[in-house]
Amino acid sequence: MDLSLETRTEGDRTIVVVGGEIDVYTAPKLREQLIDLVSSGAYHLVVDMENVDFLDSTGLGVLVGGLKRVRAHEGSLRLVCTQERILKIFRITGLTKVFPIHASVDEAVAATE
Amino acid sequence: MDLSLETRTEGDRTIVVVGGEIDVYTAPKLREQLIDLVSSGAYHLVVDMENVDFLDSTGLGVLVGGLKRVRAHEGSLRLVCTQERILKIFRITGLTKVFPIHASVDEAVAATE
Amino acid sequence: MPTVELRFSAVPAHVRTARLIASTVGRRSGLDESLVDEVRLAVGEACARAVGVQQAHGVTEEVVVTFADDEGTFAVTVADHGQAEAEADLADLIDAAAGLDGTLPIGFGLAVIAGLVDDLEVTSNGDGTVVRMCWPLLVPSSSS
Amino acid sequence: MPTVELRFSAVPAHVRTARLIASTVGRRSGLDESLVDEVRLAVGEACARAVGVQQAHGVTEEVVVTFADDEGTFAVTVADHGQAEAEADLADLIDAAAGLDGTLPIGFGLAVIAGLVDDLEVTSNGDGTVVRMCWPLLVPSSSS
Ligand SMILES: Nc1ncnc2c1ncn2[C@@H]1O[C@H](COP(=O)(O)OP(=O)(O)O)[C@@H](O)[C@H]1O
Ligand SMILES: Nc1ncnc2c1ncn2[C@@H]1O[C@H](COP(=O)(O)OP(=O)(O)O)[C@@H](O)[C@H]1O
């Protein structure tokens, strides 16, 4: 299964809807997308992971890279995820302390820094 | 995917409905079933292969073995199959000349020797 | 150069694993979808044959399968360490099947493969048999 | 005794093949369904790590994965021929990820595996690293 990516904006937030598998094979595509967004001035990102079936450490690395990049512009990167098996990966790597994780896109968009 | 087997009788015919994969791993189960039927006096068999997803040469071997067995009792073994990829296997092995192959169970049951 | 190699103990259950790998590696190599079914069946036959030959002779060595995509061709080899069966034609095999209760008509496998695969090479030596099957790739491979 | 062994060129696409094999062979070995996800992820991490380490050092040898079910245990080993990465803790790795544009934070992989797998053994020597992971099997294996 491949990676699918869709972006849309709500106010000053850019929502990236990710679907499929974020793994060593597809992670470069997501990295490019995040870099493109930051380059074009989108510094407040919400990554919707509700349709992600598989996430591995290379995917985590890309998300962390994205976070560093938006922070360099005083931006934010919020995740939307309620899937237990995906959340587990954030938990065991301690990344739940690094990323704000929300239960819905609305909640993420409403959150203030 | 595993093999599923169901049998029922219509007059003097016994219909064996096979589903799933008939391969080197599951073929012994089908062989047993055919042997049991013949031992219990069912000599006119109709094997319904419409729900078979996969058939390999060990499956063919079991069917040929069944045919020999019923013929020893003046019986018959008819197949029901319309799936092109399954029919192809019968064709390339020349077994279309060995087995009567029907488009439906009704047609197979109605056929006379 | 083989890009994926699989070795498995000569038991029927692993033939399914080999089939599954054949279709996924084949797809990933750019095999046309219309050929995937055929590749899966042919690789399954070759592996079932290898398992059957080895079990018939009590050989416990592993069966070795390689998958390679090379210059527009998807090549699969299946190597066993059993004694090759005698060549037989299908009519004989169908007769032979008459008495079969416990053993499987191994020769069927090669007959099915020969019917399915145009580019087929079967070589036997003292050590066993290698079945080599090739299919054309229509699109350039996405892996290497 | 390994019952299935897989060798593949060190490219990301084959990591998916390894994952797929991990879940099917694991299931067939009698792995509890609740563990299959974990096994797939852990094997994928170990393979992605092996591919990453080898690509970082330009090593073209094949990555070797073995699957064995033995005395109530499902054991998987993943062996590479790359130089092992230095041990690192996650905090450092998260910092290190800051500068990452083209390279992947390989160390993450081992950290994820360590978080997932209780019975884990990582041994490195001059030739490469072997990651060995074991999970309990609840039911007797149906293959051997
Ligand atoms: N070795 C295996 N163990 C468990 N499940 C398998 C195995 N091989 C295939 N399957 C399952 O059977 C399904 C059908 O597999 P497929 O690739 O169509 O091959 P085939 O139908 O020839 O076995 C797949 O969804 C896969 O999950
Ligand atoms: N190497 C591969 N090539 C093509 N398809 C694959 C490959 N690996 C997995 N898939 C497909 O992706 C689907 C999900 O695979 P799965 O076993 O859940 O592993 P994962 O989700 O970790 O990739 C399967 O149905 C399979 O057909």
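By convention in this document, chain letters (A, B, ...) are assigned in the order of the sequence lines, proteins followed by strands, and residues within each chain are numbered from 1. Heavy-atom basis, side chains included; hydrogens, waters and symmetry copies ignored.
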Query raised in the report: So is C/R16 actually on top of B/F54's ring, under 6.0 Å and inside 45° of the axis?
Result: no

Query raised in the report: Would you find more than 12 non-hydrogen atoms of other residues, nucleotides or ligands less than 6.0 Å from C/D118 atom CG?
Result: no

Query - Spatial distance of atom CG (B/D56) from atom CZ (C/R40) [nearest 0.5 Å] - result: 11.5 Å

Query raised in the report: Is the shortest heavy-atom distance from the side chain of C/V15 to the side chain of B/D23 under 4.5 Å?
Result: no

Query raised in the report: To the nearest 0.5 Å, what is the distance between OG1 (B/T58) and CZ (C/R49)?
Result: 13.5 Å

Query - Per-residue contact mode, C/I113 against chain B (heavy atom under 4.5 angstrom) - result: neither

Requested in this report: Below 4.5 Å from any heavy atom of chain C, which atoms of B/K88 appear? Answer side chain, backbone, both or neither.
Outcome: side chain

Report task. Check whether more than 12 heavy atoms from other residues, nucleotides or ligands sit under 6.0 Å from atom CD of B/E6, and answer yes or no. Result -> no

Query raised in the report: In Å and rounded to the nearest 0.5 Å, what is the CG to CD distance from C/D37 to B/E84?
Result: 11.5 Å

**Report entry** Residue B/L55 versus chain C: region with a heavy atom under 4.5 Å
**Finding:** backbone

